[in-house]
Amino acid sequence: MRALIQRVTHASVAVDGERIGAIDHGLLALIGVAADDDRARADRLLHKLLHYRVFSDAEGRMNRNLQQAEGGLLLVSQFTLVAATDKGLRPSFSSAAPPALGRELFDYLLDQARAAWPQTATGRFGADMQVSLTNDGPVTFLLET
């Protein structure tokens, strides 16, 4: 699994003009699920999402994680993150999980995240979403499991 995480001062996701998920200070995580992913990888990714130290401490160093910073977590499914882009001028999605597996693992990740961190919001799997954010820093990392 892959997560493109961005430290944000605000992020939201809308479907058909209706805002369905939003956070203030925290992490926006765009989630890609590959065909060979499983629940163990989702568990490892969630551990990284909650514990990756990207928030500043009193000295201005990235030493605090999401929980220590008391931030929100906005999970948004994005299958394009697992596209192969190394050849040609068109992405290949052959390594992406089929929709049923992608939904199962994304929903599993979301359920586990909500159980571990109540300040979790989400978009809608498979929907055409509009994501808005204010990147803080900018700080952006690609996490893989």
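Values below: all heavy atoms of this structure, side chains included; hydrogens, waters and symmetry mates excluded.
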**Student:** Work out which heavy atom in Leu81 is nearest to a heavy atom in Leu4; give both atom names and the distance.
**Tutor:**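 Minimum heavy-atom contact is CD1-N, 4.0 Å.
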
**Student:** Can you find a pair of side-chain heavy atoms, one from Arg2 and one from Thr145, that are under 4.5 Å apart?
**Tutor:**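 A side-chain contact is absent here, since even the closest heavy-atom pair is not under 4.5 Å.
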
**Student:** Determine whether Asp136 and Val8 make a side-chain contact, defined as any pair of heavy atoms from C-beta on separated by less than 4.5 Å.
**Tutor:**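 Of all side-chain heavy-atom pairs linking Val8 with Asp136, none is under 4.5 Å.
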
**Student:** Please give me the minimum heavy-atom distance between Gly26 and Leu66, naming the atom from each residue.
**Tutor:**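 For Gly26 and Leu66, the tightest heavy-atom pair comes out as CA-CD1, 4.0 Å.
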
**Student:** Do you know the tightest heavy-atom contact between Ala29 and Ile5?
**Tutor:**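 Scanning both residues, the minimum pair turns out to be CB-CG2, 3.9 Å.
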
**Student:** About how many Å separate CD of Glu18 and CD of Gln130, when rounded to the nearest 0.5 Å?
**Tutor:**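 Interatomic distance, Gln130 CD to Glu18 CD, rounded to 0.5 Å: 11.5 Å.
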
**Student:** Looking at every heavy atom in both Gly32 and Asp37, which two are closest together, and how far apart are they?
**Tutor:**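 Taking every non-hydrogen atom into account, O-OD2, 4.2 Å.
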
**Student:** Using a 6.0 Å cut-off, check whether atom CD of Glu70 has over 12 heavy atoms from anything other than its own residue.
**Tutor:**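 It does not: Glu70 CD has 12 such atoms or fewer within range.
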
**Student:** Which atom pair, heavy atoms only, marks the closest approach of Gly102 to Ala97?
**Tutor:**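 It is N-CB, 3.9 Å.
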
**Student:** Determine, using the 4.5 Å side-chain heavy-atom cutoff (strictly less than), whether Leu110 and Leu27 are members of one ILVMFWY cluster.
**Tutor:**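 Same cluster.
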
**Student:** To the nearest 0.5 Å, how far apart are OG1 in Thr120 and CG in Leu50?
**Tutor:**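 Spacing of OG1 (Thr120) from CG (Leu50) equals 7.0 Å.
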
**Student:** State the CD1-OG1 distance between Ile20 and Thr122, to the nearest 0.5 angstrom.
**Tutor:**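 The CD1 atom of Ile20 sits 7.0 Å away from the OG1 atom of Thr122.
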
**Student:** Are Val13 and Arg19 side-chain neighbours, meaning at least one heavy-atom pair lies under 4.5 Å?
**Tutor:**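 Val13 does not reach Arg19 side chain to side chain.
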
**Student:** Rounded to the nearest 0.5 Å, what separation is found between the CG atom of Leu133 and the NE2 atom of His10?
**Tutor:**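 The NE2 atom of His10 is 9.0 Å from CG of Leu133, to the nearest 0.5 Å.
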
**Student:** Looking at Asp36, I want to see if its CG is surrounded by more than 12 non-hydrogen atoms of other residues, nucleotides or ligands under 6.0 Å.
**Tutor:**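 Result for CG/Asp36: enclosed.
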
**Student:** Does any non-hydrogen side-chain atom of Tyr52 lie less than 4.5 Å from one of Asn65?
**Tutor:**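 Heavy-atom side-chain distance check fails, nothing below 4.5 Å.
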
**Student:** With rounding to the nearest 0.5 angstrom, report the CG to CZ distance, Leu105 to Arg39.
**Tutor:**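 Interatomic distance, Leu105 CG to Arg39 CZ, rounded to 0.5 Å: 7.5 Å.
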
**Student:** Can you see which heavy atom on Ala121 is nearest to which on Gly21, and at what distance?
**Tutor:**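 It is CB-CA, 4.3 Å.
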
**Student:** Under 4.0 Å between a side-chain nitrogen and a carboxylate oxygen: does that hold for Asp57 and Arg64?
**Tutor:**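 So Asp57 does not pair with Arg64 through a salt bridge.
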
**Student:** Verify the neighbour count for atom CZ of Arg53: are there more than 12 heavy atoms of other residues, nucleotides or ligands below 6.0 Å?
**Tutor:**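 Counting neighbours around CZ of Arg53, 12 or fewer heavy atoms of other residues, nucleotides or ligands fall under 6.0 Å, so no.
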
